[in-house]
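Order of listing sets the numbers, starting from 1, for every ligand and every atom in it.
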Amino acid sequence: MTFPPIREELAGIEPYGAPQLDVPVQLNVNENPYGPSDACIADIAAAVADAARTLNRYPDREFSALRVALAAYLSQDAPVTPDMVWAANGSNEVMLQLLQAFGGPGRTVLSFAPTYSMYPEYARDSMTEWVAGTRESDFSLDLEKARALVDEVRPSVVLLPSPNNPTGTALPPAAVSALCEAVGEGGLVVVDEAYGEFRRAGVPSALERLAEHRNLVVTRTMSKAFAGAGLRLGYLAADPAICDAIRVVRLPYHLSAVTQAAALAALRHADELLGNVAALREERDALVAWLRAEGFDVAESDANYVLFGTFGDRHAVWQGLLDRGVLIRETGPDGWLRVSVGTPDEMTAFKNALTEVVNR
Ligand SMILES: Cc1ncc(COP(=O)(O)O)c(C=O)c1O
């Protein structure tokens with residue numbers, strides 16, 4: 001018997017996490033490169049100071065004011081009421097809670113690879129069986145194959161990032177509806193829109209389908225477009241009965257008073273925080289065009305990152321970039337690399353470093 005007496009299936013597993021390296025150009029975890037303004041920082045600080053006055057008390061466990069503010073924000077895409085909103089410490093926690101409530105022993109969670117690398121971990125941690133179908137060579141979903149797999153596996157939860165991580169591929173609304181129908185009310189279809197705000201013009205959000213499908217859940221986060229990765233605030237929109245069910249598994253007072261205050265203050269600055277999304281989208285499209293012009297294969301991207309390749313030895317390319325102070329992510333199918341969209345200066349540094357590495 002080894003010590004500590006960890007669950008057998010967890011023994012020897014390395015904790016998840018991209019390298020956190022102190023290098024000049026960090027383009028590896030799809031953060032927003034632009035920080036908040038002084039006015040936003042001051043508002044967050046004042047809100048947190050105010051919350052601190054009552055830190056001897058537990059916070060509002062239903063985070064009612066935050067739900068109102070998040071519902072108002074989401075209603076720009078489709079009507080969402082506060083009782084349709086749930087939030088937690090990052091959308092990672094939202095999805096773990098979904099699996100704790102709707103997955104579990106004897107149940108299956110389905111996704112389609114390549115997909116977000118945390119999903120199998122939520123499955124493992126909630127003791128839900130993990131099944132991954134595959135995407136096509138352009139990383140889209142073949143709906144016939146997807147439906148057949150749903151019929152075979154009868155999943156309790158389907159997890160679909162849109163835009164997909166690591167490929168950047170958005171899911172057409174017709175595919176969302178087809179999967180909701182195939183899964184039926186015996187399961188949930190979770191469309192993970194962590195990068196939803198970066199989608200290209202004309203690409204709809206799955207929020208628009210909420211009214212049609214009771215089993216549809218759309219998750220979002222303040223980590224990416226809102227430039228709030230350090231805030232740890234993720235949320236979802238779904239039928240109120242789904243939000244109610246999650247309340248059974250959440251830890252008591254899981255959203256601290258400080259988090260609620262800071263998130264509310266950040267939401268008051270939504271226009272400013274989201275103000276850089278248009279610039280990041282343009283930068284992304286320019287990066288895709290540049291990579292293609294340089295002769296790389298590049299996946300279509302509706303996100304703030306781009307998957308490109310293919311390399312016989314992708315690790316050598318990743319290392320070559322790191323040696324030049326540029327950190328990107330070695331992830332996705334064999335031979336591909338993923339780079340987050342940064343500031344114009346960061347993109348120039350990335351392009352120069354990549355040119356040097358591949359022409360060595
Ligand atoms: C597809 C996808 N979903 C969810 C998350 C989780 O984000 P957070 O927990 O910061 O909200 C990420 C983070 O990178 C992601 O890429």
Side-chain angles (χ1 to χ4, degrees), residues 15-20 26-33 63 66 70 73-74 85-100 109-123 125 132 135 139 141 157-171 176 189-199 205-206 217-237 246 250 254-256 259 262-263 266-267 273-274 280 284 299 301-307 327-332 336-342:
Y16 174 87
Q20 286 193 307
Q26 302 189 5
L27 302 171
N28 66 330
V29 286
N30 305 336
E31 292 156 330
N32 192 316
F63 45 97
L66 187 55
L70 289 169
Y73 168 64
L74 288 176
V85 174
W86 181 257
N89 298 283
S91 53
N92 270 302
E93 188 179 57
V94 171
M95 274 178 280
L96 180 61
Q97 291 173 333
L98 280 166
L99 283 195
Q100 286 172 328
V109 54
L110 173 66
S111 192
F112 295 87
T115 188
Y116 181 37
S117 44
M118 277 305 293
Y119 293 166
E121 304 213 5
Y122 310 146
D125 295 346
R135 288 171 176 261
F139 306 123
L141 270 193
V157 179
V158 179
L159 287 176
L160 287 164
S162 177
N164 185 39
N165 185 2
T167 64
T169 325
L171 202 61
V176 173
V189 174
V190 180
V191 180
D192 172 359
E193 291 193 349
Y195 303 95
E197 287 94 342
F198 294 105
R199 62 194 193 275
S205 162
V217 178
V218 182
T219 61
R220 291 275 183 102
T221 181
M222 292 185 76
S223 296
K224 310 294 179 178
F226 264 100
L231 181 60
R232 308 310 298 130
L233 202 286
Y235 53 103
L236 64 72
I246 300 173
R250 63 107 186 272
H254 70 292
L255 272 186
S256 83
T259 301
L267 280 160
L273 290 169
L274 293 162
L280 288 166
R284 176 221 29 230
S301 177
D302 276 288
N304 66 336
Y305 48 86
V306 175
L307 190 75
L327 177 61
I328 68 165
R329 190 76 180 267
E330 198 177 349
T331 187
W336 294 80
L337 290 167
R338 192 193 72 195
V339 59
S340 309
V341 177

Kindly confirm or rule out an N or O of Y119 lying under 3.5 angstrom from an N or O of ligand 1.
no

Using the rule given for side chain to side chain contact (heavy atoms under 4.5 Å, CB included), can you reason through W86 versus R250, listing the C-alpha separation, both sets of side-chain angles and the distance that settles it, and then say yes or no?
CA-CA 11 Å; W86 181 257; R250 63 107 186 272; 3.3 Å; yes

For ligand 1, which atoms sit closer than 4.0 Å to a heavy atom of R232?
8 (P), 9 (O), 10 (O)

Which label fits F198 and Y195: parallel for a plane angle under 30°, tilted from 30 to 60°, or perpendicular past 60°?
tilted

Closest heavy-atom approach to atom 7 (O) of ligand 1 among S91, S162, S340, P163 is made by S91

For A194, atoms of ligand 1 separated by under 4.0 Å from a heavy atom:
2 (C), 3 (N), 4 (C)

Tell me the closest heavy-atom pair linking L159 and M95, and the distance in Å.
CD2-SD, 4.1 Å

Tell me whether N304 contacts the main-chain N or O of A225 through its side chain, where contact means a donor paired with an acceptor under 3.5 Å.
no

Which ligand 1 atoms are under 4.0 Å away from a heavy-atom of G90?
9 (O), 11 (O)

Are the aromatic ring centres of Y73 and F226 under 6.0 angstrom apart?
yes

Which bit of M118 is near ligand 1, meaning a heavy atom under 4.0 Å away: side chain, backbone, both or neither?
neither

Sub-4.0 Å atoms of ligand 1 with respect to non-hydrogen atoms of S223:
8 (P), 10 (O), 11 (O)

L160 and L141 have their tightest heavy-atom pair at CD2-CD1, 4.0 Å

With heavy atoms under 4.0 Å as the rule, classify the contact between N92 and ligand 1 as side chain, backbone, both or neither.
both

Please determine if N30 has a nitrogen or oxygen closer than 3.5 Å to a nitrogen or oxygen of ligand 1.
no

Going by the order shown, which atoms of ligand 1 are within less than 4.0 Å of some heavy atom of N165?
1 (C), 15 (C), 16 (O)

Atom CD1 in I246, atom CG in L236: separation rounded to 0.5 Å?
5.0 Å

If we check side chain to side chain contact (heavy atoms under 4.5 Å, CB included) with V341, which of these qualifies: N32, L280, N30?
L280

Run the numbers for me: atoms of ligand 1, each under 4.0 Å from some heavy atom of D192, listed by number.
1 (C), 2 (C), 3 (N), 4 (C)

What atoms of ligand 1 come within less than 4.0 Å of a heavy atom belonging to K224?
13 (C), 14 (O)

